[in-house]
Amino acid sequence: MNDYMPLHMKFLLDNSKRKNEERKRTFIKGLPAGQFLDDDVYFCESKHEMLPYKNRGELENHLQILSHWGAKEPLVFFDLETTGLSGGTGTYAFLAGIGMLDQDQFIVRQLFLCSPRAEGIWLQKLMEIIPYKPSFVTYNGKNFDLPLINTRFILSRMEPIEPTGHLDLLHLARRLWKKRIGSCTLSNVEKQILGIDRKTEDVPGFLIPELYAQFLKTGDASGLSGVFYHNEMDILSLYMLFSKVALTLSGRSTDPHEIDMAGDAWYNYDLNKASRLWEKASSLTPPAKNAIWKLAIEYKRQGDHCEALSLFKKLYDMEYKKIDVAVEISKIYEHQLKNAKEALLWAEKAMDNFLRCRPFLSSIRKEKMAELTKRIDRLRNKTCLR
């Protein structure tokens, strides 16, 4: 029927529809610079220098290092702001941050949902921004962001995202720095590891759902300026952390703790790299004692008992795990070097340290004492027989 509608009537209807859309958009105020992609879907974009990378080659090198933990191309740095922090089907995302490299620039794109009723369109636009079969870089995205957004796709009867890879930097941050800094929230890692101090306009994550709820009531987005900033900073921090983690895993650090933990991270992927990193950590000043311990255990496992013995004795002189170290030395002398006398000497040193350091005996400590007593008795019998 519309095909036969007079042109002036079509113009009036189109003009009326356009005015209604403009009226609705006028009702929403305070949004950052950007544009509407649809009635209730708003888009922002910011461009940044390629820092911390001087060239594409450096990035590709880091990509190769982190490929063991899920990094592939095309890299998509991804973070969501949601109506709740617990997940579940009642929680939905209203702001998606997408970071991607484009030649010599890092581009952050943000897609904002102005009304829950437009979630389906918002999801469609999100899929237009994200490359086909992306490789995500997230922070706790494996447990939160990706499951949540895929739940929303399924509820909207759309195909969920199928990434080719997923590097969740939270797990590597914990591996590398948890023992040193404790809490590995992104904000704490920013301060303690990246040296980033956010502006006062940032808002804590727990306030974000409340601020969005307030916007839905009033249509005033000015209260969300800190949320847009928070989301953009999350993406930029992911980008910087990607580089920092790769540098640390490559051994390009002067911090013995970082090098030691990098060796641990490599252990299940490349034992040679792990050993080289432990060696470096043990040679720095001050040396990472824990790295020397792991190196000694690895030499022992490989059958290089002389090198293992040398490292264990070095640790004993450094006052590190004296009981356990003395037991390891005793084992090498007894089983590999067949020197029961020296083995007994070190077993007795272990017992002496145990009695001085463990005055109150719990069930576990009683077990340890029984083991040491059994070892000493056996070695005494061996030395008497000889």
Side-chain angles (χ1 to χ4, degrees), residues 51-53 58-72 75-79 99 106 135-146 165-198 205 233-298 320-321:
L51 293 173
Y53 296 105
E58 288 184 356
L59 173 66
E60 289 175 356
N61 177 256
H62 286 185
L63 185 60
Q64 178 63 34
I65 291 168
L66 292 170
S67 64
H68 296 277
W69 289 270
K72 294 182 181 179
L75 283 175
V76 176
F77 297 81
F78 188 65
D79 183 65
F106 184 71
S135 177
F136 285 125
V137 180
T138 66
Y139 205 81
N140 198 34
K142 286 186 176 179
N143 291 326
F144 186 76
D145 299 76
L146 195 59
H166 190 160
L167 169 63
D168 193 328
L169 288 172
L170 171 62
H171 305 298
L172 279 170
R174 283 175 174 165
R175 167 73 77 175
L176 296 172
W177 299 298
K178 184 173 177 58
K179 289 183 180 178
R180 192 174 90 193
I181 68 173
S183 170
C184 282
T185 60
L186 184 56
S187 59
N188 196 44
V189 170
E190 283 179 1
K191 290 177 184 177
Q192 303 291 334
I193 304 302
L194 300 177
I196 295 173
D197 192 11
R198 296 196 182 192
M233 282 302 301
D234 280 354
I235 297 297
L236 291 172
S237 292
L238 279 176
Y239 179 49
M240 299 297 289
L241 189 59
F242 180 90
S243 171
K244 174 63 177 176
V245 168
L247 281 170
T248 304
L249 290 172
S250 69
R252 292 170 62 186
S253 173
T254 56
D255 186 323
H257 172 82
E258 283 189 349
I259 299 298
D260 177 27
M261 294 297 100
D264 287 4
W266 276 111
Y267 185 76
N268 292 326
Y269 299 98
D270 190 325
L271 190 53
N272 289 330
K273 281 187 180 180
S275 296
R276 286 199 299 271
L277 289 167
W278 290 333
E279 284 176 1
K280 180 177 179 180
S282 66
S283 66
L284 294 172
T285 304
K289 297 175 184 178
N290 202 40
I292 301 174
W293 166 267
K294 285 175 279 195
L295 206 53
I297 293 292
E298 188 54 32
Y320 179 81
K321 290 185 178 181

One pair to check against side-chain contact (heavy atoms from CB on, under 4.5 Å): Thr138 and Leu146. What are the steps and the verdict?
CA-CA 9 Å; Thr138 66; Leu146 195 59; over 6 Å; no
Across all chains, not counting sequence neighbours, the salt bridge (Lys or Arg N to Asp or Glu O under 4.0 Å) partners of Lys273 are none
Reported [atom1]-to-[atom2] distance for the pair [X] and [Y], which is rounded to 0.5 angstrom:
X	Y	atom1	atom2	result
Leu167	Ser67	CG	OG	10.0 Å
Ser282	Ile259	OG	CD1	11.0 Å
Leu169	Met240	CG	CE	13.0 Å
Ile297	Ile292	CD1	CD1	13.0 Å
Arg174	Ser183	CZ	OG	9.0 Å
Glu258	Ile193	CD	CD1	6.0 Å

Treating [X] as the side-chain partner and [Y] as the backbone partner, does any N or O pair qualify as donor plus acceptor under 3.5 Å?
X	Y	value
Trp266	Leu249	yes
Asp260	Ala288	no
Asp145	Asp79	no

Pairwise side-chain contact, [X] with [Y], heavy-atom cut-off 4.5 Å (strictly under):
X	Y	result
Glu298	Tyr267	yes
Lys191	Ile181	no
Tyr139	Leu238	yes
Tyr53	Phe106	no
Phe242	Pro52	no
Leu284	His257	no

Could you walk me through whether Leu247 and His62 satisfy the side-chain contact (heavy atoms from CB on, under 4.5 Å) test, starting with their C-alpha distance in whole Å, then the side-chain angles of each, then the deciding distance to 0.1 Å, before giving a yes or no?
CA-CA 7 Å; Leu247 281 170; His62 286 185; 3.7 Å; yes
Could you go through Phe136 and Asp168, starting from their C-alpha distance and side-chain angles, then the distance that decides it, and tell me whether this counts as side-chain contact (heavy atoms from CB on, under 4.5 Å)?
CA-CA 8 Å; Phe136 285 125; Asp168 193 328; over 6 Å; no
Applying salt bridge (Lys or Arg N to Asp or Glu O under 4.0 Å) as the test, list every pair that has at least one member in [range]; sequence neighbours left out.
range	result
residues 274-287	none
residues 62-71	none
residues 284-293	none

Quick check: closest heavy atoms across [X] and [Y], and the distance to 0.1 Å?
X	Y	answer
Thr254	Pro256	O-CD, 3.4 Å
Ala173	Cys184	O-SG, 3.9 Å
Leu277	Gly251	CD2-CA, 3.5 Å
Gly70	Ser135	O-OG, 3.5 Å

Flag for Tyr320-Asn290: side-chain donor and acceptor within less than 3.5 Å
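Asn290 vs Tyr320: donor-acceptor pair found between side chains.
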Give the intermediate values and the outcome of side-chain contact (heavy atoms from CB on, under 4.5 Å) for residues Leu170 and Asn143.
CA-CA 10 Å; Leu170 171 62; Asn143 291 326; 5.5 Å; no
Check this for me: Lys321, atom NZ, are more than 12 non-hydrogen atoms of other residues, nucleotides or ligands nearer than 6.0 Å?
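Count over threshold, so yes.
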Decide if atom CD of Gln64 counts as having more than 12 heavy atoms of other residues, nucleotides or ligands within a radius under 6.0 Å.
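It does not: Gln64 CD has 12 such atoms or fewer within range.
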Residues which pass side-chain hydrogen bond (donor to acceptor under 3.5 Å, both in side chains) with Arg180, listed by chain and number, not counting sequence neighbours:
Asp255
Could you name each residue pair satisfying side chain to side chain donor-acceptor pair (under 3.5 Å) that touches residues 236-251, not counting sequence neighbours?
Glu190-Ser237
